[in-house]
Amino acid sequence: MSERLAVTPSQTVGPFFAIGLPWPEGPNAAAEDEPGALVVAGVLTDGEGHGIPDAVIETWQPDADGAFAERPGFRGFARVATRDDGSWAIRTVKPGRLAGPGGPDSAPAAPHIDVSVFCRGLLHRCVTRIYFADEEAANREDAVLASVPVDRRDTLLATPTDDGYRFDIHLQGHGETVFFDV
């Protein structure tokens, strides 16, 4: 008869996982010459407001028409390591609307980008979404965004900049980004 062994705790991510995961074209979900190409950039911060280096940000999204098919110039997936100051940036396009969670009879989902954050000290990735502050009508109809308390929705909104959008991710503390249990 074999002896039952106790369960051991999960291993944390890191500390050097960013080595080998990113690649030169990783930050580009869309090619530079893709119509509508823009930059989504931000800073990943800890509970003290300090930028977190050695983290990885992954994004997934449909193209501007709401389609997930990969084609030349658009991959829909990006992976980027944060810099020493916690900053990160991807090149992409603003995604189109998708069918709502209730199917074709429900309101379509607002344009959004799915995001995973991998970082030392985390047992599991943190999952969030980037919505766009200038999509007010679509955002009002989005079932997932509507499920977030009103006073926390701003943490999911990217704000327009000269070359795209800014979206900071706060792992803890004041203005902590909303993360989803997936």
Side-chain angles (χ1 to χ4, degrees), residues 13-14 17-45 51-101 108-119 122 124-136 138-139 141-145 148 153-171 177-180 182:
V13 175
F17 64 94
I19 296 173
L21 288 179
W23 71 101
E25 289 302 313
N28 300 320
E32 189 171 337
D33 60 352
E34 174 77 6
L38 53 85
V39 174
V40 177
V43 177
L44 175 67
T45 60
I52 301 174
D54 196 32
V56 171
I57 308 292
E58 283 187 355
T59 64
W60 299 269
Q61 67 170 92
D63 65 15
D65 296 325
F68 278 100
E70 185 176 336
R71 57 179 168 67
F74 183 77
R75 181 176 53 225
F77 171 76
R79 179 185 290 155
V80 61
T82 58
R83 299 178 191 101
D84 288 346
D85 62 355
S87 64
W88 59 274
I90 63 166
R91 178 180 300 114
T92 189
V93 296
K94 192 174 193 179
R97 295 185 79 174
L98 299 170
H112 67 273
I113 300 173
D114 293 316
V115 178
S116 286
V117 177
F118 300 88
C119 172
L122 297 178
H124 304 284
R125 66 186 171 133
C126 292
V127 177
T128 189
R129 283 184 169 184
I130 300 171
Y131 288 93
F132 300 90
D134 55 359
E135 293 284 345
E136 295 166 11
N139 289 344
E141 296 178 348
D142 188 274
V144 173
L145 193 55
V148 175
R153 288 182 193 158
D154 286 352
T155 70
L156 299 176
L157 299 177
T159 55
T161 63
D162 290 341
D163 62 348
Y165 290 89
R166 179 170 180 113
F167 184 75
D168 293 329
I169 303 170
H170 306 279
L171 290 181
T177 300
V178 169
F179 297 102
F180 298 98
V182 293

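Across every non-hydrogen atom of Pro95 and Ile113, the tightest pair is CG-CG1, 4.0 Å. Here the closest heavy-atom approach between residue Gln61 and residue Phe68 is recorded as C-CE2, 3.5 Å. Nearest heavy-atom pair across Leu98 and Gly66 is CD2-O, 3.4 Å. The shortest non-hydrogen separation linking Ala89 to Pro27 is O-CB, 3.7 Å. When every heavy atom of Ala110 is checked against every heavy atom of Asn139, the shortest pair comes out as CB-OD1, 3.4 Å. The minimum heavy-atom distance between Val93 and Ala64, with the atom names listed, is CG2-N, 3.9 Å.
For the pair Arg125/Val182, a side-chain contact is recorded, criterion being any heavy-atom separation below 4.5 Å from C-beta on. Between Tyr131 and Asp154, every side-chain heavy-atom pair lies at or beyond the 4.5 Å cut-off. Side chains of Trp88 and Ile169 form a contact here, defined as non-hydrogen atoms less than 4.5 Å apart. Using a 4.5 Å cut-off on side-chain heavy atoms (C-beta onward), Phe179 and Leu171 make contact. A 4.5 Å side-chain heavy-atom check between Asp63 and Arg71 finds at least one atom pair inside the cut-off.
Here the straight-line distance linking atom CD of Glu135 with atom CZ of Arg97 works out to 7.5 Å at 0.5 Å rounding. Summarising the geometry, atom OG1 belonging to Thr128 is positioned 10.5 Å from atom CD1 belonging to Ile57; distances are rounded to the nearest 0.5 Å. Summarising the geometry, atom OG1 belonging to Thr82 is positioned 6.5 Å from atom CG belonging to Asp54; distances are rounded to the nearest 0.5 Å. With rounding to the nearest 0.5 angstrom, the CG atom of Leu38 is 6.5 Å from the OG1 atom of Thr92. Taken from CZ in Phe167 to OG1 in Thr159, the straight-line distance is 10.0 Å, to the nearest 0.5 Å. Atom CG of residue Leu44 and atom CG of residue Asp85 lie 10.5 Å apart, to the nearest 0.5 angstrom.
The salt bridge (Lys or Arg N to Asp or Glu O under 4.0 Å) search around Arg75 returns none, not counting sequence neighbours. For Asp134, the salt bridge (Lys or Arg N to Asp or Glu O under 4.0 Å) test picks out Lys94, with sequence neighbours left out. Residues meeting the salt bridge (Lys or Arg N to Asp or Glu O under 4.0 Å) test with Glu136, sequence neighbours left out: none.
Each of Leu157, Asp142, Thr177 was checked for a side-chain contact (heavy atoms from CB on, under 4.5 Å) with Arg129, and the lone residue meeting it is Asp142.
Counting only distance, with no hydrogens or angles, the side chain of Arg79 and the backbone of Val56 share no donor-acceptor pair below 3.5 Å.
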Evaluation steps, side chain to side chain contact (heavy atoms under 4.5 Å, CB included), between Arg166 and Val43: CA-CA 9 Å; Arg166 179 170 180 113; Val43 177; 3.6 Å; yes
Run the side chain to side chain contact (heavy atoms under 4.5 Å, CB included) test on Phe180 and Val115 for me, step by step, so that the C-alpha distance in whole Å, both residues' side-chain angles and the decisive distance to 0.1 Å come before the verdict. CA-CA 10 Å; Phe180 298 98; Val115 178; over 6 Å; no
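Ring-plane geometry between Phe77 and Trp60 is classed as tilted, the angle between the planes lying from 30 to 60 degrees on a 0 to 90 degree scale.
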